[in-house]
Amino acid sequence: MGYKRRARLLFLGETAEVAAELARQRAPEWVEPVAEPPFDLAIRLGEAGDPAPEGVRCLHWPETDRDGLVRRLDGLAGGMRLLARSEGTTAPGE
């Protein structure tokens with residue numbers, strides 16, 4: 001089946017703009033940072049804060065430094081690449 005479009009990520013927290021820019025640089029073929037709904041996955045950066053609303057897929061990344069964000073983003077994109085490869089597909093738009 002493969003990916004039909006890039007995953008829309010909503011970053012939340014003080015370093016949200018930095019994370020969105022890094023996502024654009026590190027995995028442009030796999031993710032699309034967005035500033036508002038609709039989104040596929042919310043990622044809270046730094047302090048966990050309040051729980052996500054029911055029905056919202058949310059991750060918590062405690063790292064807020066550049067190296068930590070790069071590691072997380074590379075891991076996310078790597079997982080997407082691995083899944084696509086196992087299905088015999090490519091990145092959306094390729």
Please round to the nearest 0.5 Å and tell me the distance separating atom [atom1] of [X] and atom [atom2] of [Y].
X: Glu87; Y: Leu82; atom1: CD; atom2: CG; result: 10.0 Å
X: Arg8; Y: Glu36; atom1: CZ; atom2: CD; result: 11.5 Å
X: Glu21; Y: Thr15; atom1: CD; atom2: OG1; result: 13.5 Å

Subject >> From Arg24, Arg6, Arg81, residue fulfilling salt bridge (Lys or Arg N to Asp or Glu O under 4.0 Å) relative to Glu29 >> reply: Arg81
Subject >> Gln25, CD atom: more than 12 neighbouring heavy atoms under 6.0 Å >> reply: yes
Original post:
Does CD belonging to Glu17 count more than 12 external heavy atoms closer than 6.0 Å?
Top reply: no
With hydrophobic residues grouped by side-chain heavy-atom distances under 4.5 Å, do [X] and [Y] end up in a single group?
X: Leu45; Y: Leu59; answer: yes
X: Leu41; Y: Leu12; answer: no
X: Val34; Y: Met80; answer: no

Original post:
Considering all heavy atoms of both residues, which atom of Leu73 and which atom of Ala23 are nearest to each other, and what is their separation?
Top reply: CD1-N, 3.6 Å
**OP:** Locate the shortest heavy-atom distance separating Ala77 from Trp30; write the atom from each residue and the value.
**Re:** CB-CD1, 4.4 Å
Subject >> Donor-acceptor contact below 3.5 Å, side chain Arg5 vs main chain Pro92 >> reply: no
Is the closest side-chain heavy-atom distance between [X] and [Y] below 4.5 Å?
X: Arg72; Y: Ile43; result: no
X: Arg66; Y: Leu22; result: yes
X: Val18; Y: Phe11; result: no

Original post:
Do Asp74 and Arg26 meet the salt-bridge criterion of a basic N to acidic O distance under 4.0 Å?
Top reply: yes
